[in-house]
Each structure stands twice: as structure tokens, then as C-alpha cells.
Amino acid sequence: MEITEFKKEKIYILGLRGKLDAISSPAFREKFFSLIGDNERKFLIDCSNLDYISSAGIRVLFEASFKLEDLSGKLIFCSLSENVRKIFDMVDLSSEFPVYPSQKEAFAGFDM
């Protein structure tokens with residue numbers, strides 16, 4: 001899995017490409033929690049190029065979400081690929097996380 005990252009208007013954007021699974025989840029978790037440790041609090045996960053997410057990847061997202069909640073942070077998702085949308089729907093993640101069709105719409109979900 002590849003991660004692209006940049007910051008825009010106090011929001012840290014992580015673009016995921018490939019598969020977030022048992023193999024790639026530990027590196028993603030390390031990266032994500034390192035950013036949280038660096039006092040980043042608002043995250044937008046762009047899933048437009050994410051092909052697959054496994055239970056290991058979902059677990060990392062929940063861990064990060066709980067940590068951010070404790071720190072008054074926020075985690076939002078956008079641009080789910082068709083495969084990832086199916087997985088989100090199957091395990092009802094859309095009711096657990098804010099999901100927007102595009103980055104532009106997702107930015108409106110943050111309290112700026």
C-alpha cells in the first residue's frame with residue numbers, strides 16, 4: 001500500500017492506494033499514530049485509490065478514531081472506491097464514520 005500525505009487548512013489528508021490489509025496495516029498504524037503524536041487532530045482519509053480494506057485495516061481505523069475522539073480530533077473519509085464502499089456498507093462503517101463523496105464535500109464536515 002502507498003500513502004500520500006499533505007496538509008491543507010489544518011487538515012491532514014492521507015491518500016491510500018492499494019490494499020489496507022494484515023500486511024500493510026502495521027505500517028499504516030505506525031504512520032497514523034505518529035501523526036497523532038505530532039499533534040495532528042483533523043484527518044481526511046481519501047480512499048479513491050484504495051482497492052481493498054480488511055478487518056486488520058478496519059481495526060486501525062477504529063483505534064485511531066477512538067484516540068482522536070479522546071483528543072477532540074476528527075476522522076473523515078471521502079471518495080470511497082466501489083470495492084471499499086461495498087466493504088463499508090457490508091460492515092456498516094458508514095454509520096460509524098463520516099463519509100463524503102469528494103474531498104471538497106469532506107472539508108465541509110470539519111469545524112474550521
Side-chain angles (χ1 to χ4, degrees):
M1 183 184 76
E2 295 176 32
I3 304 170
T4 58
E5 55 184 284
F6 64 96
K7 192 171 183 178
K8 180 180 177 184
E9 300 177 25
K10 297 185 179 183
I11 297 170
Y12 212 92
I13 302 166
L14 296 172
L16 306 182
R17 176 184 298 277
K19 296 179 180 182
L20 182 55
D21 56 17
I23 294 169
S24 60
S25 290
F28 176 64
R29 183 187 188 284
E30 183 178 325
K31 176 65 179 171
F32 205 163
F33 277 80
S34 172
L35 292 167
I36 293 170
D38 290 341
N39 292 318
E40 298 295 340
R41 297 294 180 259
K42 295 180 180 182
F43 290 90
L44 174 58
I45 308 292
D46 186 326
C47 298
S48 57
N49 293 307
L50 186 64
D51 300 321
Y52 174 77
I53 185 169
S54 73
S55 60
I58 292 168
R59 186 171 30 258
V60 172
L61 298 177
F62 272 107
E63 285 180 71
S65 176
F66 294 144
K67 181 70 171 175
L68 286 167
E69 188 176 309
D70 289 344
L71 299 169
S72 299
K74 195 162 193 174
L75 175 60
I76 291 179
F77 295 83
C78 75
S79 308
L80 300 183
S81 66
E82 185 177 337
N83 288 339
V84 173
R85 165 68 66 193
K86 287 178 185 176
I87 295 167
F88 265 57
D89 291 345
M90 187 182 329
V91 294
D92 201 26
L93 289 178
S94 297
S95 68
E96 298 292 328
F97 297 111
V99 178
Y100 293 87
S102 69
Q103 276 192 23
K104 182 179 180 181
E105 291 166 294
F107 270 88
F110 286 98
D111 301 325
M112 301 292 266

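Atoms considered below: every heavy atom in the structure, side chains included; atoms not considered: hydrogens, waters and symmetry mates. Since the structure is predicted, the reported quantities are computational estimates derived from the model, not experimental observations.
- Looking at K8 and F107, their side chains come closer than 4.5 Å, going by heavy atoms from C-beta outward.
- Listed here is the closest heavy atom pair of S25 and A56: OG-C, 3.4 Å.
- Proximity of D21 to I53: side-chain heavy atoms (C-beta onward) are nowhere separated by under 4.5 Å.
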In residues 89-99, what donor-acceptor pairs under 3.5 Å come from side-chain atoms, sequence neighbours left out?
| from | atom 1 | to | atom 2 | distance (Å) |
| --- | --- | --- | --- | --- |
| D92 | OD1 | S95 | OG | 3.4 |
| D92 | OD2 | S95 | OG | 3.0 |
| S95 | OG | D92 | O | 2.9 |

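- The distance from the CG atom of L61 to the CZ atom of F28 is 5.5 Å, given to the nearest 0.5 Å.
- Of the inter-residue distances, the one linking M1 atom CE with K19 atom NZ reads 13.0 Å to the nearest 0.5 angstrom.
- Heavy-atom contacts from other residues, nucleotides or ligands closer than 6.0 Å to CG of L71 number more than 12.
- With hydrogens and angles disregarded, a donor-acceptor distance shorter than 3.5 Å links the side chain of R41 to the backbone of I36.
- Under the 4.5 Å side-chain contact rule for hydrophobic residues, L35 and I13 do not share a cluster.
- One distance of note links CD1 of I76 with CD1 of I45; it measures 10.5 Å at 0.5 Å rounding.
- Under the side chain to side chain contact (heavy atoms under 4.5 Å, CB included) criterion, K86 pairs with E82, sequence neighbours left out.
- Atom CZ of F33 and atom CG of L68 lie 7.5 Å apart (nearest 0.5 Å).
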Evaluate I58 against I87 for side-chain contact (heavy atoms from CB on, under 4.5 Å), listing each step before the verdict. CA-CA 10 Å; I58 292 168; I87 295 167; 4.2 Å; yes

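- Among residue pairs with one or both ends in residues 48-61, those qualifying as side chain to side chain donor-acceptor pair (under 3.5 Å) are D46-S48; sequence neighbours excluded.
- Annotation: the span from L75 atom CG to L14 atom CG amounts to 9.0 Å, rounded to 0.5 Å.
- The minimum heavy-atom distance between A64 and F32, with the atom names listed, is CB-CE1, 3.5 Å.
- For F6 against Q103, the heavy-atom pair with the smallest separation is CZ-OE1, 4.3 Å.
- Side chain of K42 to main chain of E9: no donor-acceptor pair is present (N/O by atom type, distance under 3.5 Å, no hydrogens or angles).
- Using a 4.5 Å cut-off between side-chain heavy atoms of Ile, Leu, Val, Met, Phe, Trp and Tyr, with links allowed through other members, F77 and L16 fall into the same hydrophobic cluster.
- Interatomic distance, S24 OG to R29 CZ, rounded to the nearest 0.5 Å: 14.0 Å.
- When the shell of 6.0 Å around CD of E30 is examined, it contains 12 or fewer heavy atoms from other residues, nucleotides or ligands.
- You'll find the side chain of S34 reaches within 4.5 Å of the side chain of D38, heavy atoms only.
- L20 and V60 end up in the same hydrophobic cluster when Ile, Leu, Val, Met, Phe, Trp and Tyr side chains are linked at under 4.5 Å.
- With contacts defined as side-chain heavy-atom distances shorter than 4.5 Å, the pair T4/R17 does not qualify.
- S102 approaches C78 most closely through the heavy-atom pair O-CB, 3.6 Å.
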